[in-house]
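Everything on this sheet refers to the single structure shown next.
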Amino acid sequence: LVALGYLAMVMLGALTQMAPVAAGAPLRRIDLSARLSQVALVLGVPFLAWGLGGHDAALSTGAGLAGLGLSILTINGLSALIHAPRGATRQAMVLALAALLATILAGLALAAWLAGIWTPLDAVALVDSHALLGLAGWIGLLVIGSAYQVVPMLQITPDYPVWATRWLTPAIAVLFAGSMRPAWLGAPEGLARLSALGVAAGLAIFALVTLHLQARRKRKLSDTTLRYWRVGMACLIAACVLSVMGVLEPEANSAKTEI
């Protein structure tokens, strides 16, 4: 209900406005696609919530409708952004929507597992990947891409450095792929841990750069929006530190066991 009923609907609604304004990518047939997407989500989310309580028919119906609702605007947005002028915000939004598409597929796979349709080789890893793609991939990359324009424009700060706008989101996206632990590709677990550390480092770098730019803002008066951003960046840094501790802890426990 929080992820699909609240976050997804708010962010998909924002996509229909942000894509044309921030990236020069108006979505095609927006009235029809937005209405279809919203109707499917409004119907699908309650069924999915009901189905997670153990009702297989409701689970399948809700997952199908929610997946359809998310996919309509995701594919429409990707199509519009691919043909839009190049830029840092456009690049981040493309990667964010690609992460959302992967999140949808992982969610549908999990719903099929709960409905007894199939059994994944590693259900826990699939759950972790679904959460990571949705929170850090979709939401995280979208916030970074929006910040490239919103922070300098509304908070009167210097622009983000070129190296950050050009390389940060692609690097985080590549590291995401490595942190998914694709066992079917034979990827070693050490690579997944290293990639997860890289994702945390990339998000922390974004937070630190944002705080540094805000400290150099021309408009010295503080307001609620600025304080929200600062608290948000502090929480992101704390989350990255906890993530690093979580990645390193299994290695420490493994070393103790060997000793």
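When a residue number appears, it is its place in the shown sequence, counting from 1.
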Could you go through the side chain to side chain contact (heavy atoms under 4.5 Å, CB included) check for Leu68 and Leu41 one step at a time?
-> CA-CA 8 Å; Leu68 176 64; Leu41 278 172; over 6 Å; no
To the nearest 0.5 angstrom, please state how far the CG atom of Asn76 sits from the CD1 atom of Ile30.
-> 6.0 Å
Would a hydrophobic clustering, with Ile, Leu, Val, Met, Phe, Trp and Tyr connected at side-chain separations under 4.5 Å, put Met11 with Leu27?
-> yes
Hey, could you give me the CG/CD distance between Leu81 and Gln91, rounded to the nearest 0.5 Å?
-> 11.5 Å
With side chains defined as the heavy atoms from C-beta onward, is the minimum distance between Leu101 and Leu70 less than 4.5 Å?
-> no
Run the side chain to side chain contact (heavy atoms under 4.5 Å, CB included) check on Ser222 and Gln214 step by step: do they pass?
-> CA-CA 10 Å; Ser222 180; Gln214 290 172 339; over 6 Å; no
Transitively linked via ILVMFWY side-chain contacts under 4.5 Å: Val10 with Ile139?
-> yes
Is there a chain of hydrophobic side chains (I, L, V, M, F, W, Y, each step under 4.5 Å between heavy atoms) that links Leu168 to Val209?
-> yes
Keeping to residues at least two apart or across chains, list the ring pair (Phe, Tyr, Trp, His ring centres under 6.0 Å) pairs with something in residues 16-63.
-> Trp50-His55
Residue Arg29 excluded, over 12 heavy atoms near CZ under 6.0 Å | no
Are any non-hydrogen side-chain atoms of Met233 and Leu208 less than 4.5 angstrom apart?
-> no
Is His83 close to Arg28 at the side-chain level, that is, under 4.5 Å between some pair of heavy atoms?
-> yes
From Leu213 CG over to Ile156 CD1, what is the distance, rounded to the nearest 0.5 angstrom?
-> 13.0 Å
Any side-chain heavy atom of Leu97 within less than 4.5 Å of one from Leu15?
-> yes
Supply the atom-to-atom distance Leu73 CG to Gln38 CD, rounded to the nearest 0.5 angstrom.
-> 9.5 Å
So CG of Leu142 and CE of Met93: to nearest 0.5 Å the spacing works out to 5.5 Å
Using a 4.5 Å cut-off on heavy atoms from C-beta on, say whether the side chain of Trp167 contacts that of Val162.
-> no
Do Leu211 and Tyr228 belong together in a cluster built from hydrophobic side chains that touch within less than 4.5 Å?
-> no
Can you tell if the side chain of Leu203 reaches within under 4.5 Å of the side chain of Ile237, non-hydrogen atoms only?
-> no
Side-chain heavy atoms of Thr225 within contact of Leu154, under 4.5 Å | no
Considering only heavy atoms from C-beta outward, does the side chain of Met9 approach that of Ser37 to under 4.5 Å?
-> no
Verify side chain to side chain contact (heavy atoms under 4.5 Å, CB included) between Leu1 and Tyr6, making sure each step is shown before the conclusion.
-> CA-CA 7 Å; Leu1 291 175; Tyr6 171 54; over 6 Å; no
Residue pair Phe206, Thr169: steps toward the side chain to side chain contact (heavy atoms under 4.5 Å, CB included) verdict = CA-CA 9 Å; Phe206 161 71; Thr169 52; over 6 Å; no
Supply the atom-to-atom distance Ile104 CD1 to Leu4 CG, rounded to the nearest 0.5 angstrom.
-> 9.0 Å
Mind checking whether Leu105 and Leu135 sit in one hydrophobic cluster, side chains of I, L, V, M, F, W, Y counted as touching below 4.5 Å?
-> no
Of all heavy-atom pairs between Leu133 and Ala102, which one has the smallest distance, and what is that distance?
-> CD1-CB, 3.8 Å
